[in-house]
Amino acid sequence: MRSVDEHLAAILSSLTPAASQTVSLAESLGLVVAGDVVARVDLPGFDNSSMDGYAVQSVSLAGAAARPVTLSLVGEVAAGDAPTVSVGKGEAVRIMTGAPMPEGADAVIAVEDTDGAATGSVECRAEAPVGRFVRRRGEDVAAGSVVVRAGDVVGPRTVALLAASGHATVDVVPRPHVVVLSTGAELVEPGQPLGPGQIHDSNSSMLWAAATRAGATAEIRSAVGDTDEELLAVVDEVVGVADAVVTSGGVSMGAYDVVKSALRSEGVDFVQVAMQPGKPQGFGFLAGPGGRAVPLFALPGNPVSSYVSFEVFVRPALRRLMGHADPVRPTRRAVLTSGLRSVAGRRQLARAVVTTGADGTLVAEPVAGQGSHFVADLSRANALLVIAEDTTEVGAGEVVDAILLDD
């Protein structure tokens, strides 16, 4: 039997990020930048005003705080305009926020410190030291400097910086495409009527959502039946489009565990992992077109086992394929509200609702149903509590590691 850490290490060590692709900024959100990106322009690109007001020479307003000074208005410049006049001593140019500074001006007086005149002359009631309300060219970013580094994850603020510094595209590690398969003749698509012994296929939708939330693209292939031939026929189809395949069900010791019987001769290893839930696991590589190796994750069929297995093994693998340097969710420390028992020799991943107490401490309330079929309690949970292999019982008030699922 493998430990959880051994199985995860075996998976991650076999995976490398995909080759980079150039995508538009609109397609880059959440992806990992493949190489350093340098600014193509200075930010700001020119000296400009940070206020609505008047561009002046600082010396023209000496003493204006004690006695108002009147300056001659010689022009106006708006954002997007090119100044057509220069500013001399005793003169002012009416200027809008973001507009280029006219030649000769070295400061801006805010409109609220004046009488707001638009023509003729303007009365100024404050001094304006050199540089007041002036954004200097390149003070934020100098052209040629690195603005985004390899390994950074593109977020909304990254998109703003890339766009401002002249980039419409960026080189990123692409999203893997995941194909989700659920096996079992008893499975019926949600919304369809159930016959005797049948259940709705919830795992496919759950794993599709989990893969999508992890940053991948995903699609569902409907339940593929309970024969080796049916499963292998579908697998032969999906390896042409998938970067990873995730199955649920058919990995235990039963007579109809088709995933195990069909795929163990196709390069997939089936092992027992010392965890609860999720003991039976399968992982390996399928041969895709052109010699491409497509990882396959064979997860247990019980909904909770399938979800926990995805979080522990598949999500980190997808994040590794996307180029994340640290693909594993961090743990946080949380105080238990009630005790938990655990099986000796297995790492238990107990579902819980974690909240933040008044003092900022995380508080973990285990959900009532810890069985691997309790879908409603799984839906309520927002964390997995990690109970170590050598621990059989933890009491209320003890502190445990928690994996927060909604981060």
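Please read these numbers as outputs of a predicted model, since none were measured by experiment. For this chain, numbers begin at 1 and follow the sequence in order.
With a 4.5 Å cut-off on side-chain heavy atoms, Met322 and Leu31 count as touching. Looking at His324 and Val32, their side chains come closer than 4.5 Å, going by heavy atoms from C-beta outward. Side-chain contact between Pro366 and Arg351 is absent, with no heavy-atom pair separated by less than 4.5 Å. Contact check for Ser305 versus Leu299: no side-chain heavy atoms found under the 4.5 Å cut-off.
Remark: the Glu27 side chain and the Ser24 side chain contain an N/O donor-acceptor pair separated by less than 3.5 Å. Between the side chains of Thr361 and Asp359, at least one donor-acceptor pair of N or O atoms lies under 3.5 Å. Side-chain contact annotation: Gln281 with Ser309, donor-acceptor N/O pair under 3.5 Å present.
The side-chain hydrogen bond (donor to acceptor under 3.5 Å, both in side chains) search around Asp228 returns Ser261, not counting sequence neighbours. Legend: residues meeting ring pair (Phe, Tyr, Trp, His ring centres under 6.0 Å) with Phe310, ordered by chain and number and at least two apart, are absent. With sequence neighbours excluded, the residues satisfying side-chain hydrogen bond (donor to acceptor under 3.5 Å, both in side chains) with Arg135 are Asn48. Phe283 pairs by the ring pair (Phe, Tyr, Trp, His ring centres under 6.0 Å) definition with Phe285, Phe297, not counting sequence neighbours.
Closest heavy-atom contact between Val173 and Ala18: CG1-O, 3.8 Å. Shortest non-hydrogen contact noted between Val170 and Ser28 is CG1-CB, 3.7 Å. Nearest heavy atom pair, residue Leu286 against residue Glu266, reads CD2-O, 4.0 Å. Here the shortest heavy-atom pairing between Asp243 and Leu321 reads O-CD1, 4.4 Å.
Listed by first then second residue, pairs satisfying side-chain hydrogen bond (donor to acceptor under 3.5 Å, both in side chains) with a partner in residues 86-115 read Asp52-Thr97, Glu76-Arg94, not counting sequence neighbours. The salt bridge (charged side-chain N to carboxylate O under 4.0 Å, His left out) pairs that include a residue from residues 162-183 number zero, where partners must be two or more places apart or lie in different chains.
In Arg332, the CZ atom is not crowded: 12 or fewer heavy atoms of neighbouring residues, nucleotides or ligands sit closer than 6.0 Å.
No side-chain donor-acceptor contact under 3.5 Å links His7 to the backbone of Gly282. No donor-acceptor pair under 3.5 Å is formed between the side chain of Ser306 and the backbone N or O of Pro303. No donor-acceptor pair under 3.5 Å is formed between the side chain of Glu219 and the backbone N or O of His177. Distance alone, capped at 3.5 Å, places no donor-acceptor pair between the Asp269 side chain and the Gly284 backbone. Checking side-chain atoms of Ser165 against main-chain N and O of Leu161 turns up a donor-acceptor pair under 3.5 Å. Using a distance-only test at 3.5 Å, with no hydrogens or angles considered, a donor-acceptor pair links the side chain of Gln57 to the main chain of Val87. Side-chain N or O atoms of Glu127 include one that pairs as donor or acceptor with a backbone N or O of Gly63 at under 3.5 Å.
Atom CE of residue Met275 and atom CD1 of residue Ile387 lie 13.5 Å apart, to the nearest 0.5 angstrom.
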